[in-house]
Amino acid sequence: MHRVYFDNNATTPVLPEVLHAMQPYFSDHFGNASSIHHHGQETRAAVERARDSVATLLGCKAAEIVFTSGGTEADNLAIFGLVREGDHVVSSTIEHHAVLNSCKHLPSMGCEVTYVPVDARGLVDPDAVRRALRPNTRLITIMMANNETGVLQPVEEIGKIADEADICFHTDAVQAAGKVDIDVKQVGCDLLSISGHKMHAPQGVGALYVRKGTRLQPMLYGGSHERSRRAGTENVPAIVGLGKAAEIAKAALNRGELSPMAEMRDHIEQQILAQIEATGVNGQGAPRVPNTTNIYFDGIEGEALVIALDLKGLAISTGAACSSGALEPSHVLLAMRVPAERARASIRFSLGKQSTEDEVEFALGLVCQAVGRLRELSPTYNAAIRE
Ligand SMILES: Cc1ncc(COP(=O)(O)O)c(C=O)c1O
């Protein structure tokens with residue numbers, strides 16, 4: 001069956017160049033990067049080259065990069081590495097669960113959290129962040145790009161507020177890295193998380209930018225890896241893959257190679273909105289990463305559409321994490337005051353470097369057909385139309 005994958009915010013395929021760069025580090029260059037002999041020196045050099053590449057992508061020094069097992073660990077290290085009993089934290093209602101559930105754990109450590117709301121476009125108001133600050137606020141953690149809608153938050157303004165108040169600012173840039181230019185100095189953040197598998201590197205590797213001078217308590221104790229900020233033998237092949245993916249992403253951003261992706265995304269939106277009634281874009285009007293669109297199809301159960309399209313060869317997602325198997329409407333869309341029924345009728349299309357115009361046309365054809373068929377079967381939709 002011809003299969004098209006438009007779920008790149010869930011994970012991306014490893015690019016052939018990335019796989020090629022990683023391959024020798026499974027067998028030929030297998031040394032432990034902490035060993036002082038030839039084998040160790042070889043892998044140590046590869047890890048440090050990868051660190052340079054990630055630092056170049058983010059505009060920081062190599063020594064400010066800590067490799068982790070992914071975005072979740074980077075987010076956890078940023079939050080639990082910094083926050084202590086009695087501290088107050090400011091976050092938002094639309095964070096990924098890696099941040100949201102970490103914040104939910106904080107009260108049990110004697111910390112308080114304020115969740116600033118978003119407007120109907122999914123944007124945090126920097127003034128709301130300012131108003132939420134207290135004398136004991138230790139950390140602001142607000143994401144750069146939302147994984148469900150692709151909406152880019154005003155992180156530079158939030159960074160200025162944090163700087164003026166002398167408060168640490170962490171941003172989860174897992175869905176922004178490789179899709180928009182990132183310069184940690186311009187963002188004004190002290191901590192920033194990225195994840196390999198959202199940018200065509202393998203799953204199970206990520207990194208946390210830790211601004212020089214930021215004192216983090218490690219979460220893992222063991223050897224003095226990663227300057228004692230994250231113990232454990234480095235996952236060398238994956239780190240090499242992340243470094244290569246960072247290099248490729250930086251070059252693509254410099255060459256403006258993401259505009260065709262944004263055009264394909266815009267084409268999907270225009271065509272769906274023109275051809276299918278009672279549809280719309282969640283997050284319309286807000287700045288967004290170029291690869292993501294979140295569209296509602298009134299009268300449809302998003303999960304049913306995902307399954308129907310999968311049977312025809314198109315992989316998309318409802319956007320909301322469904323690891324629990326629960327069919328709860330997305331907390332992100334609810335926070336944007338999208339009614340629960342419409343939130344359940346929303347699906348996310350997320351493109352990757354491998355996506356093509358032909359795939360977009362194939363997907364559009366399938367979506368139009370599947371929505372038509374599901375709506376024919378929907379008594380509530382048909383009743384609403386007849387009213
Ligand atoms: C915004 C955001 N943060 C964090 C994560 C978690 O990253 P990882 O899967 O590498 O643990 C994800 C993954 O979906 C994400 O989209």
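In listed order, ligands and their atoms are each counted from 1. Hydrogens, waters and symmetry mates play no part in the numbers below; they use all other heavy atoms, side chains included. Everything numeric here is computed off the predicted structure, so don't read it as measured data.
At least one donor-acceptor pair under 3.5 Å links the side chain of Asp119 to the backbone N or O of Leu123. Between the side chain of Asn146 and the main chain of Ile94, a donor-acceptor pair closer than 3.5 Å is present. For Gln175 (side chain) and Ala145 (main-chain N/O), no donor-acceptor pair under 3.5 Å exists by modelled atom type. A donor-acceptor pair is defined here as one N or O able to donate and one able to accept, closer than 3.5 Å; such a pair exists between the side chain of His225 and the backbone of Gly232.
Within the structure, ligand 1 has Lys198 among the residues with a heavy atom less than 4.0 angstrom away.
Ligand-side atoms of ligand 1 in range of Thr72: 6 (C), 7 (O), 8 (P), 11 (O), range being under 4.0 angstrom from any heavy atom. Against a heavy-atom cut-off of under 4.0 Å, Met143 is close to the following atoms of ligand 1: 1 (C). Residue Asp75 has at least one heavy-atom neighbour below 4.0 Å for each of these atoms of ligand 1: 3 (N), 4 (C). Every atom of ligand 1 with a heavy atom of His197 under 4.0 Å away is listed here by number and element: 8 (P), 9 (O), 10 (O). Those atoms of ligand 1 that come under 4.0 Å of a heavy atom in Gly70, given as number and element, are 10 (O). Close approach of ligand 1 to Asn147 is summarised as follows: ligand atoms under 4.0 Å from at least one heavy atom of the residue are 1 (C), 16 (O).
One hydrophobic cluster holds both Val306 and Ile272 under the rule that ILVMFWY side chains link at heavy-atom gaps under 4.5 Å.
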Side-chain donor/acceptor pairs under 3.5 Å, residues 239-250, sequence neighbours excluded:
{"from": "Lys244", "atom 1": "NZ", "to": "Glu247", "atom 2": "OE1", "distance (Å)": "3.4"}
{"from": "Glu247", "atom 1": "OE2", "to": "Ser53", "atom 2": "OG", "distance (Å)": "3.4"}

Donor-acceptor list for residues 365-375 side chains, cut-off 3.5 Å, not counting sequence neighbours:
{"from": "Arg375", "atom 1": "NE", "to": "Asp298", "atom 2": "O", "distance (Å)": "3.0"}
{"from": "Arg375", "atom 1": "NH1", "to": "Glu277", "atom 2": "O", "distance (Å)": "2.7"}
{"from": "Arg375", "atom 1": "NH1", "to": "Tyr381", "atom 2": "OH", "distance (Å)": "3.3"}
{"from": "Arg375", "atom 1": "NH2", "to": "Glu277", "atom 2": "O", "distance (Å)": "3.0"}
{"from": "Arg375", "atom 1": "NH2", "to": "Ala278", "atom 2": "O", "distance (Å)": "3.1"}
{"from": "Arg375", "atom 1": "NH2", "to": "Asp298", "atom 2": "O", "distance (Å)": "3.0"}

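With hydrogens left out, the protein atom closest to atom 16 (O) of ligand 1 is Gln175 NE2, 2.8 Å, a heavy atom. Residue, atom and distance of the protein heavy atom nearest to atom 8 (P) of ligand 1 are Gly71 N, 3.5 Å. The protein non-hydrogen atom at the shortest distance from atom 3 (N) of ligand 1 is Asp172 OD2, 2.6 Å. Of the protein's non-hydrogen atoms, His96 CE1, 3.5 Å is the one closest to atom 5 (C) of ligand 1.
Contacts with ligand 1 closer than 4.0 Å are made by no heavy atom of Glu73, backbone or side chain.
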Passes salt bridge (charged side-chain N to carboxylate O under 4.0 Å, His left out), Glu95 versus Lys104? Steps please.
-> CA-CA 12 Å; Glu95 297 299 310; Lys104 278 196 194 147; over 6 Å; no
